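Read through the structure below, which is laid out as structure tokens, and then see the notes.
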Amino acid sequence: MSDSTVTEPGGREEVAVPRTDTGEGRRIPLGRLRRPRRPRLWFEILLIAVSYWTYSLIRNAVPEQRGAALRNADWLWRVEHGLGVGVEQSVNHAVNSVTWLIIGMNYYYATLHFVITLGVLVWLYRWHPGRYAATRLVLFATTGVALVGYYLFPLAPPRLMRGGHFVDTVTVHHTWGSMASGDLKHMSNQYAAMPSMHIGWSLWCGLTVFALASVPWARVLGLLYPAATLVVIVATANHFWLDAVGGVLCLTFGFAVARLWYGSLPHALPRLVPSRAPAPAQALSS
């Protein structure tokens, strides 16, 4: 048995996961799958592309159930008022009165959701290969369980509520700010608002950067990103506050799945892993 070590730029060695080179270990592929290993670029590109295509296909295949979605929106709105947090309409109208700000938020809502998530994945792949697979599993499990929410609890966003008096900021300002508004509304299920994956994904990005970045300002930006996203999804009338809570619960599930599979949270795994396993003779001689 030997421990694989990797020397980092500063000369400090970081120990990867112990590897047992026995016949029994070689007979259990599941054990190898649960060890941190260096990701392969072609496989990751294919996996992410196919996974997002599948997610979009299933999400948009969920019956829109307009009547149930509107009833659920009315119920959720009453619950929020009962809890004293039903301030989405005030935020929506206040931000909408500042044209440059709401237009910026429309484009934020449409683009950063994808750009920053992919950027964090690339950063993990390049600088934290040992933690990449586990952190990616968190993202995939979070997104997968969200599909269950879309099916079980169809929900209209505030901008589509009957008598809600919300402003659909994309329609009013003629910006491309949402796949569920304007000319693009037929390409996306408009009643899949619970949970909010804008929150689930942005919080995944923020916590990942906060846990792994070595630069203090990057860690601060990591925490600010999901906070800003929360303001944006409410100001643009695309989500209720409680949709964000649903996104947080999905992310919690994602971390639980990664913890069970790898036996550790992603940030606690080794940052670097060997590029390839040593030959059996080398392992035994060490």
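Computed from a predicted model, the values in this text were never measured in an experiment. Scope of the values below: all heavy atoms of this structure, side chains included, with no hydrogens, waters or symmetry mates.
Under the 30°/60° scheme for interplanar angles, the aromatic rings of Tyr55 and Tyr52 are found to be tilted. Phe114 and Trp201 have perpendicular rings, their planes meeting at more than 60° on a 0 to 90° scale where under 30° would count as parallel.
Summarising the geometry of Thr175 relative to Thr169, their closest heavy-atom pair is OG1-O, 4.3 Å, with the distance given to 0.1 Å. The two residues His93 and Val167 have their closest heavy-atom pair at CE1-CG2, 3.9 Å. Of all non-hydrogen atoms in Glu88 and His239, the two that sit nearest each other are CG-O, 4.2 Å.
Separating the CH2 atom in Trp123 from the SG atom in Cys205 is a distance of 10.5 Å, to the nearest 0.5 Å. With values rounded to the nearest 0.5 angstrom, Asn72 atom CG is found 4.0 Å from Phe153 atom CZ.
Two rings, from Trp204 and Phe140, have their centers 6.0 Å or more apart. Between Tyr191 and Tyr150, the gap from one ring centroid to the other reaches at least 6.0 Å.
Remark: Arg219 qualifies as a cation-pi partner of Phe210 under the 6.0 Å distance and 45° angle criteria applied to the six-membered ring.
Between Tyr108 and Thr236, the side chains place no donor N or O within less than 3.5 Å of an acceptor N or O (distance only, hydrogens not considered).
Note on Leu118: it does not cluster hydrophobically with Val115, by side-chain heavy-atom contacts below 4.5 Å among ILVMFWY residues.
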(message) Run Asn96 and His173 through side-chain hydrogen bond (donor to acceptor under 3.5 Å, both in side chains) and show every step you take.
(response) CA-CA 9 Å; Asn96 184 66; His173 297 282; 2.7 Å; yes
